[in-house]
Each structure stands twice: as structure tokens, then as C-alpha cells.
Amino acid sequence: MSNHTLDEIRSQPQVWRSVGRQIAENKADLTTLVQGYGEKELVFVGSGTSYYLALSAAGTYAGLTGLPARAVPSCDVLAYAEAIFPKGSDGHEAVVISRSGTTTEALLACEAIRDKVGFQPTTISCRPDSGLTRLGRYSMVIPEADEQSVVMTRSFTSMLLMLQHLAALKAGHRAVLDELAGLPEKVAGVLENHQNLVEQIIGPAQFDHFVYLGLGPYYGLACEGMLKIKEMSISHSEAYHTLEYRHGPMSLVTEKTLLVLLMSERMRREETRLAKDMQALGARILVICDRADAGINEAADHVVELGAGLSDYTRSVLYMPILQLLGYYQALAKGFDPDHPKNLTQVVTL
Ligand code: F1P
């Protein structure tokens with residue numbers, strides 16, 4: 001059995017280093033690009049995993065720059081461009097995201113932005129010479145992050161990292177750029193220190209329901225964790241903004257629920273209380289955080305401490321290998337091949 005998925009997950013340290021090199025080599029062009037955005041709302045567009053990437057990128061861009069940003073799925077641009085870009089080219093810029101650069105909805109979204117709204121979007125993908133790169137006013141490409149696997153792992157984190165750098169360049173945050181530059185070393189530690197724990201947590205496929213919770217830029221990551229375990233292991237999974245979980249969805253908690261909480265720093269008290277409440281309902285709790293404390297250790301059955309010492313906005317991408325490995329080991333536990341997920345193809349072309 002091939003093992004592309006695990007190899008690609010474990011290759012993230014070196015691929016993130018190549019993203020850093022690419023940023024350094026193109027810093028002047030990227031700075032000119034984001035300065036050209038002015039104060040316009042930046043709309044991030046993608047499909048599937050790339051839409052969840054857009055959600056996290058939009059939260060980071062708005063948080064770091066103080067400028068408006070949002071994420072929309074490619075299909076909504078096709079259906080409701082006038083509602084997404086009400087101010088036309090005077091009020092908006094767009095970044096269209098696609099690993100393959102050939103997803104039909106993403107290409108049509110680029111054309112709708114050009115033909116209906118009146119400007120060419122920025123694009124980011126992992127395949128040079130794709131349709132998407134030809135449709136971009138400026139096209140970023142990260143070939144090293146491409147995958148052989150159907151599911152996206154390092155392509156997700158590498159394109160997100162590139163977009164986080166873009167936000168930091170736009171904001172002129174020197175300290176944030178330095179924090180981002182240190183992430184490749186930190187993600188190597190995450191993989192080294194926690195891969196075995198994830199395998200142990202999954203165990204003999206003891207869970208039949210997976211819930212991923214995150215706030216702000218972590219919500220897009222929660223959605224991606226939900227999709228990874230769904231795609232690779234054909235498991236029931238959900239994602240919510242953390243405290244939203246109390247407003248109905250928690251009714252599905254059972255002893256076979258694994259609840260994965262992507263903990264922020266700023267809401268950790270409220271998030272810890274939610275974890276405790278869901279543990280009392282019988283869920284098994286995995287908390288991923290920067291630094292645990294007594295409350296977290298009491299409320300969680302498993303804790304992954306990243307120990308990055310970074311802000312909510314620059315620490316976020318470090319959570320992803322844990323979520324990717326949860327899907328990988330759940331697939332193996334259920335006897336599936338993560339490299340060949342059921343019903344899926346690497347690119348969705350209509
Ligand atoms: C993204 C995507 C993934 C999905 C599968 C097929 O396409 O739809 O969301 O998990 O890998 O591709 P892309 O537009 O990023 O290439």
C-alpha cells in the first residue's frame with residue numbers, strides 16, 4: 001500500500017521552509033501586490049478544502065490588518081456575484097485558491113469576477129501553467145506543496161502560510177513576519193512530539209462521531225479537520241464555532257464522540273468550560289492549545305500542547321498536522337487506504 005498521505009503530512013517542515021524562501025525571493029512583488037489592494041475588502045474564494053483555507057485566511061487577514069475580509073465558496077461567486085461584490089471593482093479584491101488550479105468552479109469564479117465584477121483576481125495554487133494561474137492578475141504557485149494524494153494536507157497549510165505572510169506584509173507587522181518565519185521548525189516539533197499520541201487516541205476505531213470546534217481563524221481549520229476525517233475514514237464529523245456547539249448540536253454527544261477543541265488564547269476560560277460540560281455529557285475531549293493549565297488538564301482527556309509561544313493569528317497553522325493525523329489514523333483503524341478515499345477524485349471537474 002502506498003503511503004503518500006503520511007509522507008506528505010510529515011514533509012510539511014521542509015515544504016514550509018520552501019514557502020519562506022519563496023516569500024523572501026518575491027517580497028517586493030508581494031508587497032506591491034498587497035499595497036495595490038488599498039483598503040478594499042479582500043474576498044477569499046475556494047472549493048472544499050480550499051474554501052476552508054479561505055475561511056482561515058480571511059480571519060487572519062482581517063485580524064492582522066484591521067481591514068475587511070471574507071471567505072466565500074466558489075459556487076456562491078457563480079450564483080451571487082452581485083451580492084458578494086456589491087461595490088464592484090471599486091470596493092473589493094479577491095484571492096481565488098485551488099491546489100490543482102483546474103477545479104471547474106474555481107475557474108468559473110475567476111471568469112465571473114473578471115466578466116461580471118470587472119477585475120482580475122489574485123490566484124494561488126500548487127500547479128504552474130494551470131487554468132487558474134492564467135486567469136490571475138497575479139498568481140502565486142507553490143509546486144513543492146502539491147500532493148499525489150487525493151486529500152489535501154501540505155498544500156492546505158502551505159497556501160495558508162503564504163496568505164498569512166501576505167496579511168503580515170499588508171499590515172507591515174515585522175514581528176508577525178518573524179513569528180511566521182519560525183513556524184517550519186515548530187511544526188517539525190509538533191510532528192515529532194505528537195504523532196504517536198494521535199495514533200493512541202484513535203486506537204481501535206473506538207469513536208463513531210467527530211466534532212471539531214474553533215473560533216475566528218480556527219473555525220476554517222476546524223472545518224478542514226472535519227473534512228479530512230470524513231474523506232479519509234468515511235466517519236461522521238461536524239465543525240462549529242466553538243461556543244455555538246451548545247446551541248443544539250451538542251444533543252448528538254455520546255460516549256463514542258471525540259470532541260477536538262482548537263483552543264484560542266483569548267477565550268480559553270470559556271472554551272475550557274465548554275470542554276468540561278461536553279466531557280460531563282460523555283464525550284472524549286482532545287484539546288489542542290499552546291499551553292495547558294490545571295483547568296484544561298481537568299476538562300480534557302487528551303491534551304496537545306504546542307508550546308509555540310505565538311499569537312492566535314500566527315500559531316493557528318500548527319494545529320493542522322494533528323487534525324490531518326487524526327483522519328489518517330482513523331482511516332487505518334477502519335481498514336481504509338487514506339491515499340484512495342471512497343467516492344473522491346483529486347480534482348472536481350464538471
Ligand atoms: C479542492 C478539492 C478538495 C477535495 C479533493 C478534491 O480542489 O475539492 O477539497 O478534498 O481533494 O479537491 P482544489 O480546487 O483545491 O484543487
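For this chain, numbers begin at 1 and follow the sequence in order. On a predicted model such as this, the values are computed, not experimentally measured, just so you know. Order of appearance sets the numbers: ligands from 1, and atoms from 1 within every ligand.
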Exercise. Are there more than 12 heavy atoms of other residues, nucleotides or ligands under 6.0 Å from atom NE2 of H236?
Worked result: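 It does not: H236 NE2 has 12 such atoms or fewer within range.
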Problem set entry | Pairing of K228 and E224 as salt bridge, 4.0 angstrom limit | yes
Problem set entry | Salt-bridge criterion met for R268 and E265 (N-O under 4.0 Å) | yes
Exercise. Closest approach of R315 and L310, non-hydrogen atoms and distance?
Worked result: NH1-O, 3.1 Å
Exercise. Which parts of the protein, at residue level, reach under 4.0 Å of ligand 1 through a heavy atom?
Worked result: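 Ligand 1 pocket, heavy atoms under 4.0 Å: S47, G48, T49, S50, S98, R99, S100, T103, V150, M152, E231, T345, Q346.
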For this session: Report the relative orientation of the aromatic rings in H241 and Y219; use parallel for angles under 30°, tilted for 30 to 60°, perpendicular for over 60°.
Result: parallel
Problem set entry | 4.5 Å side-chain heavy-atom contact, L325 and E199 |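 They are not in side-chain contact.
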